[in-house]
Amino acid sequence: MLHRITGRATKCGPSAISAIAGVPTHEAAAIIRRLFDRPSVNGVYMDELATALAELGWTPDRALRHPRLRDRRYAHDEEAWERRLSDVPCDLRAVSLGTFLDPAPAGTWAIATSDHFVAYSDGFVADSAWFSRKPAFWFRAIPEHDRVALRRIREAVRFAPVDRPSPALKGR
């Protein structure tokens, strides 16, 4: 389930993190700045997004990559990409956003198209520009959705929450 995107930062990477993990965008941007020693966040790479989500208790469990782009990973740090995403099962397919979302894939996804991130979960999409900061039901007949449905997916990663023991159960 996606959360409403809240916070002061307006960039798409922190917005995707906010929608998936439920933290404000300025906190998501602060995590990226801290982890990658960046003065500001004007855009993120998939490895940075995955590392920030790992800090918030989410782990990648499936990926989809464009076959022509598999040798150019669009990573901030190739070593960080290898550490975070190399063991994730991956499909190589050239697919558009609409073709990917129309059958309503299971799970919570961070989807990178050209230079923009979209969060998707349970038939709902959220982002900072194309759709809405409030999760909106994906339906291709909606004009705003149809106009971006043909955008090519560069990379999509499904994230799952890490099962952590409840603090109340630790003492038992």
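Values below: every heavy atom of this structure, side chains too, minus hydrogens, waters and symmetry copies. Sequential numbering from 1 along the given sequence is applied to the chain's residues. It should be emphasised that the depicted structure is a prediction, and the values quoted were computed from it without experimental measurement.
Proximity of a side-chain donor or acceptor of S121 to a complementary backbone N or O of M1 within less than 3.5 Å is detected. A donor-acceptor contact shorter than 3.5 Å is absent between the side chain of S132 and the backbone of P135.
In this structure, the separation between CH2 on W138 and OH on Y120 is 9.5 Å, given to the nearest 0.5 Å. One finds the CG atom of L2 at 13.5 Å from the CH2 atom of W109 (value rounded to the nearest 0.5 Å). The distance from atom CG of D102 to atom CZ of F139, rounded to the nearest 0.5 Å, is 9.5 Å. Note: T51 OG1 to L56 CG = 11.0 Å, rounded to the nearest 0.5 Å. Separation of atoms OG1 (T108) and CG (D61) is listed at 9.5 Å; rounding is to 0.5 Å.
Across every non-hydrogen atom of P24 and G7, the tightest pair is CB-CA, 4.1 Å. The two residues A63 and R65 come nearest to each other via the heavy atoms CB-NH2, 3.9 Å. Smallest separation of non-hydrogen atoms from E144 and R147: O-CG, 3.3 Å. The nearest pair of heavy atoms linking P14 to V41 is CG-CG1, 4.0 Å. Among all heavy-atom pairs drawn from A119 and A19, the shortest one is CB-CB, 3.7 Å.
W58 is not connected to I5 by any chain of hydrophobic side-chain contacts under 4.5 Å among Ile, Leu, Val, Met, Phe, Trp and Tyr, and they are in different clusters.
Crowding of R8 atom CZ: a count of heavy atoms from other residues, nucleotides or ligands under 6.0 Å not exceeding 12.
The side-chain heavy atoms of V118 and H116, taken from C-beta on, include a pair separated by under 4.5 Å. Between E155 and L64 the shortest side-chain heavy-atom distance does not fall below 4.5 Å. You'll find the side chain of H145 stays beyond 4.5 Å of the side chain of L97, heavy atoms only. Counting heavy atoms from C-beta on, the side chains of L101 and R140 never come closer than 4.5 Å. Counting heavy atoms from C-beta outward, T6 and T25 have side chains that stay 4.5 Å or more apart. Residues F117 and M46 are in side-chain contact: their nearest non-hydrogen atoms beyond the backbone lie under 4.5 Å apart. Two residues are said to be in side-chain contact when any heavy atoms from C-beta on lie closer than 4.5 Å; V148 and F131 meet this criterion. Using a 4.5 Å cut-off on side-chain heavy atoms (C-beta onward), H66 and I153 make no contact.
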Problem set entry | side-chain contact (heavy atoms from CB on, under 4.5 Å) assessment of F159 paired with R62 | CA-CA 7 Å; F159 290 90; R62 188 107 193 120; over 6 Å; no
For this session: With side-chain contact (heavy atoms from CB on, under 4.5 Å) as the test, would you mind laying out the steps for I32 and I17 before giving the verdict?
Result: CA-CA 10 Å; I32 292 169; I17 294 168; 3.7 Å; yes
Exercise. Could you go step by step and tell me if T113 and R152 meet the side-chain contact (heavy atoms from CB on, under 4.5 Å) rule?
Worked result: CA-CA 6 Å; T113 65; R152 288 276 167 211; over 6 Å; no
Exercise. Passes side-chain hydrogen bond (donor to acceptor under 3.5 Å, both in side chains), S18 versus S15? Steps please.
Worked result: CA-CA 5 Å; S18 175; S15 293; over 6 Å; no
For this session: Take R154 and D115 through the test side-chain contact (heavy atoms from CB on, under 4.5 Å) and record every step on the way to the result.
Result: CA-CA 9 Å; R154 184 179 73 208; D115 291 325; 4.1 Å; yes
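Checked options E48, E27, E55; the residue passing with R34 is E55 (criterion: salt bridge (Lys or Arg N to Asp or Glu O under 4.0 Å)).
Under 4.0 Å is where a charged nitrogen must lie from a carboxylate oxygen, and between R133 and D127 no such pair does.
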